[in-house]
Q: 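Please read through the structure below; I'll follow up with questions.
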Protein chains: 2
Amino acid sequence: MSAEETRNRLLDTALELIWQSNYNSVGVNEICKQAGVTKGGFYHHFESKAHLFCAASEHYWENIKRDLDAVLSPVNSPLEQLENVIGFIFHNKFGSPATCVRGSPFFSAGLQTGCDEPMINDSLQKMSQNCVKYNLALVRSLSAAGYLEGDVDAERVARLLSQYVQGLAGFARVNGCACLETVRKDIGEGFYRLLGLKRQYWFTTRATWQMPAKA
Amino acid sequence: MSAEETRNRLLDTALELIWQSNYNSVGVNEICKQAGVTKGGFYHHFESKAHLFCAASEHYWENIKRDLDAVLSPVNSPLEQLENVIGFIFHNKFGSPATCVRGSPFFSAGLQTGCDEPMINDSLQKMSQNCVKYNLALVRSLSAAGYLEGDVDAERVARLLSQYVQGLAGFARVNGCACLETVRKDIGEGFYRLLGLKRQYWFTTRATWQMPAKA
DNA sequence: GATAATACATACCGGTCGGTATGTTGGTCA
DNA sequence: TGACCAACATACCGACCGGTATGTATTATC
């Protein structure tokens with residue numbers, strides 16, 4: 001196993017475990033065991049658990065970013081972009097019902113760490129701002145095409161969307177897998193309402209986002 | 001100090017500390033120290049840390065409940081109810097900027113505990129359902145009075161509001177005190193949009209919720 | 001083929017955590 | 001007034017956690 005591969009396995013494993021549980025209760029030992037790496041290997045690649053988390057976040061964001069760029073590509077109409085984003089958010093990489101909302105690890109970690117670890121907080125804040133930025137692009141795209149009601153403070157609406165998605169992650173987790181189908185439908189209506197999408201465009205495109213094949 | 005008082009001090013202290021930080025990183029020792037109670041006292045009143053948290057949640061909810069009942073009292077018009085709820089949610093009991101959203105301890109704990117502690121999860125799920133129930137009352141009240149656009153699936157909208165509030169808590173915490181004023185305004189617009197409140201009623205009442213005097 | 005740096009592996013450490021065992025005290029009631 | 005019990009206080013435990021010290025293969029460099 002190459003050094004690069006070892007590092008990536010640690011990143012992926014950490015994210016998966018934290019996704020399924022949470023930052024605090026996932027220990028370094030557990031990450032190592034699951035990744036098939038020893039503690040020496042771990043601390044060879046990462047200064048600390050916090051450093052690993054930050055690296056994993058950025059690693060994960062790079063993936064998300066690529067997909068979002070594809071979703072928001074100008075080849076898609078604004079309505080398709082919207083539907084794809086909704087589908088994308090719901091997409092559940094790890095198959096765990098309690099974590100159906102993409103980005104859940106960031107959102108949960110934000111509430112977990114509190115004010116304890118400034119390093120992680122900074123990292124999460126950056127992620128949060130990144131999410132808002134992409135939402136902003138979506139809002140502007142829809143607004144410019146005249147799909148939205150009334151005046152639109154695009155920055156605010158983008159923030160509202162981010163806040164809503166964060167809440168979804170928590171809600172879905174607390175309420176367990178029983179609410180999965182419900183939440184799936186909630187996302188759509190939540191987005192439509194927060195955006196102020198004109199009623200005639202609700203549920204019109206039915207695009208369903210597909211995870212692009214990995215390189 | 002009476003037994004009842006000791007118990008209440010533990011409940012209040014636990015909630016405050018967890019509110020400011022989070023469930024995992026607040027230890028029993030810290031709670032005891034802050035409350036001026038020894039560990040013996042703690043385990044005399046509570047079986048475990050998890051039991052304390054659940055009791056504290058219920059204790060806290062009883063307070064919230066009283067206030068919400070007042071806010072949603074029929075003596076207030078539906079629009080006043082709405083504005084009061086918005087003000088109520090933002091109200092910051094402990095003065096910590098990162099936790100301006102009332103209910104934050106529940107929301108954060110929900111993401112913290114993951115699937116580890118079923119007991120806490122159950123408690124949080126109940127809280128979540130309670131919140132939805134109160135939102136439902138608000139939605140119905142507004143809907144019946146004709147303030148909302150289009151068809152209203154009241155249950156869904158109530159859920160959307162709960163999800164949004166949960167997200168706000170996380171967003172505010174991650175983004176720190178710098179975003180406090182912004183978030184304050186976001187709440188209002190988020191509620192208006194999720195409810196589908198008719199535009200002519202936006203920002204009309206300007207009611208500001210006041211914490212009722214304690215008995 | 002010698003040297004050195006990389007990439008781990010193993011064993012271990014100090015500290016903290018939730019929880020417990022046991023001692024003490026003040027009020028209650030017979 | 002003495003038995004009794006709730007309501008604590010103190011001391012302590014084993015488990016676990018993040019992190020480190022040190023040893024050992026493997027690979028690159030000259």
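In what follows, every chain begins at residue 1, and chains take the letters A, B, ... in the order their sequences are listed. As the structure is a prediction and not an experimental result, all values here were calculated from the model.
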Q: Measure from CG on N8(A) to C1' on dA7(C) and round the result to the nearest Å.
A: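 That distance rounds to 15 Å.
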Q: Rounding to a whole Å, what distance do you find between K33(B):NZ and dT10(D):P?
A: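 The distance from NZ of K33(B) to P of dT10(D) comes to 14 Å, rounded to the nearest Å.
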Q: Could you check E47(A) against N29(A) and say which one's nearest nucleotide on DNA chain D is further toward the 5' end?
A: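 The residue mapped nearer the 5' terminus is N29(A).
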Q: What I want to check is whether the side chains of D12(A) and Y60(A) have a donor and an acceptor closer together than 3.5 Å.
A: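 No - no donor-acceptor pair under 3.5 Å links their side chains.
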Q: To the nearest Å, how far apart are E4(B) CD and dA6(D) P?
A: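 From E4(B) CD to dA6(D) P: 16 Å.
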Q: Between dC8(D), dG18(D), dA7(C), which one does the side chain of T38(B) approach most closely?
A: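 The answer is dC8(D).
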Q: For I31(B) and dT16(C), give me the distance from atom CD1 to atom P, rounded to whole Å.
A: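 These atoms are roughly 17 Å apart.
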Q: Is the shortest side-chain N/O distance from T6(B) to OP1 or OP2 of dC8(D) below 4.0 Å?
A: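 So the side chain of T6(B) is within the cut-off, an N or O lying under 4.0 Å from OP1 or OP2 of dC8(D).
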Q: Side chain of Y43(B), heavy atoms from C-beta onward: which of dC8(D), dT10(C), dT20(C) has the nearest atom to it?
A: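 Closest of the options to the side chain of Y43(B): dT20(C).
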Q: Let me know the distance between CD of E5(A) and C1' of dA7(C), rounded to the nearest Å.
A: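 In whole Å, dA7(C) C1' lies 14 Å from E5(A) CD.
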Q: Whole angstroms only, please: what is the CD-P distance between E30(B) and dC17(C)?
A: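 Nearest whole value for this atom pair: 8 Å.
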Q: Starting at atom CG of L10(A), determine the distance to atom P of dC8(C), rounded to an integer number of angstrom.
A: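 In whole Å, dC8(C) P and L10(A) CG are 9 Å from each other.
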Q: Roughly how far, to the nearest 0.5 Å, is CG of L195(B) from CG of N135(B)?
A: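 These two atoms lie 8.5 Å from each other.
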Q: Nearest to the side chain of H45(B) - dG19(D), dC8(D), dT20(C)?
A: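 Of all the options, the side chain of H45(B) is nearest to dC8(D).
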Q: Please determine whether the number of non-hydrogen atoms from other residues, nucleotides or ligands lying under 6.0 Å from atom CD of E5(A) exceeds 12.
A: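 Count over threshold, so yes.
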Q: Does the side chain of T13(B) pick up a donor-acceptor pair with the side chain of Q34(B) at under 3.5 Å?
A: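 Per modelled atom types, T13(B) and Q34(B) side chains form no pair under 3.5 Å.
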Q: Examine the base of dG19(D) for any acceptor or donor lying under 3.5 Å from a partner atom in the side chain of K39(A), and report the outcome as yes or no.
A: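 Side chain to base: pair present.
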Q: From the set dA6(D), dG18(C), dC8(C), return the single nucleotide nearest to any side-chain atom of H44(A).
A: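 Closest nucleotide among those given: dC8(C).
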Q: Assess whether a salt bridge exists between E189(A) and K185(A), defined as any Lys/Arg side-chain N lying under 4.0 Å from an Asp/Glu carboxylate O.
A: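 Judged by the 4.0 Å cut-off on N to carboxylate O distance, E189(A) and K185(A) do not form a salt bridge.
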Q: Find the distance N24(B):CG to dT16(C):P and express it as a whole number of Å.
A: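 For the pair N24(B) CG and dT16(C) P, the rounded distance is 17 Å.
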Q: With a 4.0 Å cut-off on heavy atoms, is G40(B) in touch with a base, just the backbone sugar-phosphate, or nothing at all?
A: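 Base: the residue G40(B), judged by heavy atoms under 4.0 Å, touches a nucleobase.
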